[in-house]
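For the single chain, residues carry numbers from 1 onward in sequence order. Being a predicted model, the structure only gives us computed values, none of them experimental. All ligand and atom numbering here is 1-based and tracks the order in the structure. Because only heavy atoms are used, hydrogens play no part in the values below, and waters and symmetry mates are left out as well, while side chains stay in.
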Amino acid sequence: MTRYAGSLDPEYFEQMFQGTDDPWSLETSAYEQDKYAHSIRVLGDRRYELGFEIGCAKGVLTRQLAEHCRALVAIDVSETALLAAHERCAAFDHVSFNRMTFPAQVPLGGPFDLIILSEVIYYWDDADIRRAAKWAGTHGAPGGDLLLVHWTGETDYPQSGDEAVEKFRGAMPGPVEVVTAERRDQYRLDLWRMSA
Ligand SMILES: C[S@@+](CC[C@H](N)C(=O)[O-])C[C@H]1O[C@@H](n2cnc3c(N)ncnc32)[C@H](O)[C@@H]1O
């Protein structure tokens, strides 16, 4: 399978959201719902001060993360996805949405004590992964968590799920404690704690 070489651009995703209501079946598939439940479960009963979700799509996971954060900033490259995410989370005043292409664009503020990268790093090339990891390492709060969830099957994206996560970890500027490293049939879930 030929892979994309560079990071996939915003138009790629905007076209996906305009072309079908639910690309990747994030709203409907049992697999996705189980994966979301797993993602939330590993956070335990910790409540975070300020979360940052990168690539929130239509906000299905965002809505569940909102219960674990006093404030949550969610971004995506797709305006179409963000409109739906905003609507889904309308009851949550503490969740804000922004159109951004990470890591070229990053939010102001922080530090963030929860950073969520669910099914998004493998769309990036090596340079963007390095930049993203450096940003996370310097804008994550000491003692804060990084949650990464990625499909491990074959793709035509710039990285496989495993390459994406390993490259990201290798580019983190400081050490992280591995709290959870779990593999399921089709995905891996990694929860790392930043040094206090
Ligand atoms: C496969 S979906 C995953 C959505 C959600 N994180 C989840 O796990 O259900 C990937 C999302 O990441 C967004 N995305 C891709 N590259 C991005 C980037 N560089 N910055 C922000 N969002 C991005 C896409 O528009 C899409 O909504």
Side-chain angles (χ1 to χ4, degrees), residues 4-43 51-66 68-69 72-89 95-107 112 114-136 139 146-153 155-161 164-165 167-168 184 186-191:
Y4 286 90
S7 296
L8 302 192
D9 58 26
E11 289 69 38
Y12 173 96
F13 297 100
E14 184 54 42
Q15 276 174 20
M16 296 227 24
F17 284 108
Q18 286 189 15
T20 167
D21 260 1
D22 188 10
W24 309 287
S25 303
L26 303 178
E27 296 171 283
T28 50
S29 92
Y31 162 79
E32 294 296 338
Q33 307 322 306
D34 287 350
K35 188 160 56 80
Y36 293 143
H38 187 190
S39 303
I40 295 297
R41 201 163 56 242
V42 297
L43 301 180
F52 178 43
E53 185 191 9
I54 301 163
C56 62
K58 290 190 166 181
V60 182
L61 179 59
T62 318
R63 195 177 191 290
Q64 299 179 44
L65 291 166
H68 289 260
C69 301
L72 176 61
V73 176
I75 66 159
D76 203 281
V77 294
S78 162
E79 198 62 55
T80 302
L82 284 165
L83 280 171
H86 200 269
E87 203 169 306
R88 188 185 308 280
C89 297
V95 182
S96 63
F97 292 97
N98 289 287
R99 185 181 178 284
M100 283 184 191
T101 304
F102 190 85
Q105 298 170 301
V106 296
F112 299 89
L114 177 62
I115 297 174
I116 305 106
L117 292 143
S118 173
E119 312 289 6
V120 70
I121 307 180
Y122 44 41
Y123 297 122
W124 302 340
D125 60 21
D126 289 5
D128 273 347
I129 290 180
R130 282 196 298 273
R131 200 168 165 188
K134 193 169 174 203
W135 184 92
H139 292 79
L146 268 163
L147 176 65
L148 302 91
V149 188
H150 289 88
W151 159 264
T152 47
T155 72
D156 60 355
Y157 308 147
Q159 322 282 342
S160 68
V165 174
K167 287 181 183 178
F168 191 94
R184 296 288 188 267
Q186 300 181 72
Y187 71 93
R188 62 181 288 166
L189 184 151
D190 300 88
L191 183 69

Problem - Closest approach of P158 to Y122 (non-hydrogen atoms, all atoms of both residues) - result: CD-O, 3.2 Å
Completion exercise
In short, M100 meets V106 closest at the heavy-atom pair SD-C, 3.7 Å
Handout entry: H139 and F52 aromatic centres sub-6.0 Å
Key = no
N/O contact list for ligand 1, threshold under 3.5 Å:
| residue | atom | partner | partner atom | Å |
| --- | --- | --- | --- | --- |
| ligand 1 | 6 (N) | G55 | O | 2.6 |
| ligand 1 | 6 (N) | S118 | O | 2.8 |
| ligand 1 | 8 (O) | S118 | O | 3.3 |
| ligand 1 | 8 (O) | S118 | OG | 2.6 |
| ligand 1 | 9 (O) | Y36 | OH | 2.5 |
| ligand 1 | 19 (N) | F102 | O | 2.7 |
| ligand 1 | 19 (N) | W124 | NE1 | 3.2 |
| ligand 1 | 20 (N) | F102 | N | 3.0 |
| ligand 1 | 25 (O) | D76 | OD1 | 2.6 |
| ligand 1 | 27 (O) | D76 | OD1 | 3.3 |
| ligand 1 | 27 (O) | D76 | OD2 | 2.6 |

Handout entry: Worked check of side chain to side chain contact (heavy atoms under 4.5 Å, CB included) between E32 and V60
Key = CA-CA 10 Å; E32 294 296 338; V60 182; over 6 Å; no
Handout entry: F97 backbone acceptor or donor facing H86 side chain under 3.5 Å
Key = no
Practice task
Taking the side chain as every heavy atom from C-beta outward, state whether L189 and S39 have any pair of such atoms under 4.5 Å apart.
Solution key: yes
